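Since the structure is predicted, the reported quantities are computational estimates derived from the model, not experimental observations.
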Amino acid sequence: MTDDIVAALKTVYDPEIPSDIYELGLIYRVDIDDDRNVEIDMTLTAPGCPVAGEMPGWVENAVAAVQGVQSVKVNMVFDPPWDQSRMSDEARVALDMW
């Protein structure tokens, strides 16, 4: 189920950045309990992000669609603050940030 959740997270994009939120390093924690309830800690590239109010819902909807998931709770966190070191090599290539 973890691979399916990661795949679902990779379908969510920040509309201003051509890379998914997982590769950007915006997902800090994914916890799946024994009853298949999923809790996700995520952040944004900046607290003033224009989609800050919408993105947690996008994440919740994407993960809730994974077969076997019972419920999804998304927590928006800003500690530690996001920085470019959290990005994967894939995101760095997509954004030409070497």
Side-chain angles (χ1 to χ4, degrees):
M1 184 184 307
T2 301
D3 290 342
D4 292 338
I5 290 171
V6 169
L9 291 169
K10 288 184 170 200
T11 68
V12 180
Y13 284 75
D14 182 321
E16 297 179 331
I17 303 172
S19 186
D20 67 77
I21 62 169
Y22 189 83
E23 297 298 336
L24 284 172
L26 299 180
I27 303 300
Y28 284 179
R29 182 180 68 91
V30 176
D31 184 52
I32 307 166
D33 72 14
D34 293 338
D35 295 323
R36 297 183 179 172
N37 299 304
V38 180
E39 187 169 354
I40 298 169
D41 289 350
M42 68 169 291
T43 195
L44 302 169
T45 55
C49 178
V51 294
E54 299 171 52
M55 194 173 295
W58 300 343
V59 170
E60 182 178 336
N61 291 338
V63 174
V66 172
Q67 186 171 0
V69 168
Q70 296 303 309
S71 70
V72 182
K73 179 181 178 188
V74 178
N75 304 309
M76 188 65 65
V77 299
F78 294 99
D79 187 29
W82 179 87
D83 65 48
Q84 295 177 2
S85 70
R86 301 189 66 85
M87 293 169 45
S88 71
D89 288 344
E90 181 179 312
R92 290 177 192 283
V93 168
L95 299 174
D96 196 24
M97 297 182 78
W98 291 100

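Separation of atoms CD1 (I21) and CE (M42) is listed at 4.5 Å; rounding is to 0.5 Å. From I17, atom CD1 reaches atom OG1 of T45 across 4.5 Å, with rounding to the nearest 0.5 Å. Here the CG atom belonging to L26 is positioned 7.5 Å from the OH atom belonging to Y28, to the nearest 0.5 angstrom. Atom CG in D4 sits 11.0 Å away from atom CG in L9 (nearest 0.5 Å). Distance check, rounded to the nearest 0.5 Å: CH2 of W58 to CG of D14 gives 7.5 Å. Atom CD of Q70 is separated from atom CG of N37 by 6.5 Å, given to the nearest 0.5 angstrom.
Counting all heavy atoms, side chain and backbone alike, P80 lies closest to R86 at CG-NH1, 4.4 Å. Of all heavy-atom pairs spanning S85 and R92, the tightest one is CA-NH2, 3.4 Å.
W82 is listed as a side-chain neighbour of M87, based on a closest heavy-atom distance under 4.5 Å. For the pair V30/T2, no side-chain contact is recorded, criterion being any heavy-atom separation below 4.5 Å from C-beta on.
V12 is connected to V51 through a chain of hydrophobic side-chain contacts under 4.5 Å among Ile, Leu, Val, Met, Phe, Trp and Tyr, so both are in one cluster. In this structure, V74 is a member of the same hydrophobic cluster as V63, with clusters built from ILVMFWY side-chain heavy atoms closer than 4.5 Å. No path of Ile, Leu, Val, Met, Phe, Trp and Tyr side chains, each step under 4.5 Å between heavy atoms, connects V6 with Y13, placing them in separate hydrophobic clusters.
For K73, the side-chain contact (heavy atoms from CB on, under 4.5 Å) partners are E39, N75, not counting sequence neighbours. Applying the side-chain contact (heavy atoms from CB on, under 4.5 Å) criterion to E23, with sequence neighbours excluded, gives K10, S19, D20, S88, E90, A91.
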